[in-house]
Amino acid sequence: MSTRVLTAHIPEELAEKVDRYARSMERSRAWIVKRALSDWVDWEEEKNRLTLGAAEAADRGDVVDDDAVAAWIESLDTENPLPLPAVKK
């Protein structure tokens with residue numbers, strides 16, 4: 001796999017944390033940064049996928065009534081919580 005070098009200025013405190021993790025895990029600083037960046041990119045891609053899916057569902061009319069959601073949330077701290085509201089079409 002080919003690689004590229006990326007540089008970034010980060011706060012000193014964050015750099016020290018990265019160094020501490022690298023030492024405690026017996027890994028290089030580069031390994032820690034590469035793993036963190038890879039996880040972040042994966043998380044952003046998943047967030048984007050879910051957002052687009054939610055927008056498509058809303059466009060189809062697959063929504064849950066906001067009053068039903070509010071009532072469900074309020075019921076969660078009670079002895080008899082309401083069932084999860086259903087999608088209305």
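Scope of the values below: all heavy atoms of this structure, side chains included, with no hydrogens, waters or symmetry mates.
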Contact summary for Pro85 and Ala68, nearest pair of heavy atoms | CG-O, 3.7 Å
Show your working on side-chain contact (heavy atoms from CB on, under 4.5 Å) between Glu44 and Asn48 and close with a plain yes or no.
-> CA-CA 6 Å; Glu44 285 294 324; Asn48 187 55; over 6 Å; no
side-chain contact (heavy atoms from CB on, under 4.5 Å) with Pro81: which residues, sequence neighbours excluded?
-> Ser75, Leu76, Thr78
Joint cluster assignment, Leu82 & Val87, ILVMFWY side-chain distance < 4.5 Å | yes
Which residues, ordered by chain and number, are linked to Leu37 in its hydrophobic cluster, where ILVMFWY side chains connect at heavy-atom gaps below 4.5 Å, directly or through other members?
-> Leu6, Trp40, Val41, Trp43
Mind listing the closest non-hydrogen atom pair of Trp72 and Leu84 along with its distance?
-> CZ2-CD1, 3.5 Å
Residue pairs passing the side-chain hydrogen bond (donor to acceptor under 3.5 Å, both in side chains) test where at least one lies in residues 53-62, sequence neighbours excluded = Arg60-Asp62, Asp62-Lys89
Provide the full list of salt bridge (Lys or Arg N to Asp or Glu O under 4.0 Å) pairs with a residue in residues 22-34, sequence neighbours left out, each pair given once.
-> Asp19-Arg29
Considering residues at least two apart in sequence or located in another chain, which fulfil the salt bridge (charged side-chain N to carboxylate O under 4.0 Å, His left out) criterion with Lys88?
-> none
Please list all pairs passing the salt bridge (Lys or Arg N to Asp or Glu O under 4.0 Å) test where one or both residues lie in residues 2-17, with sequence neighbours left out.
-> Glu13-Lys17
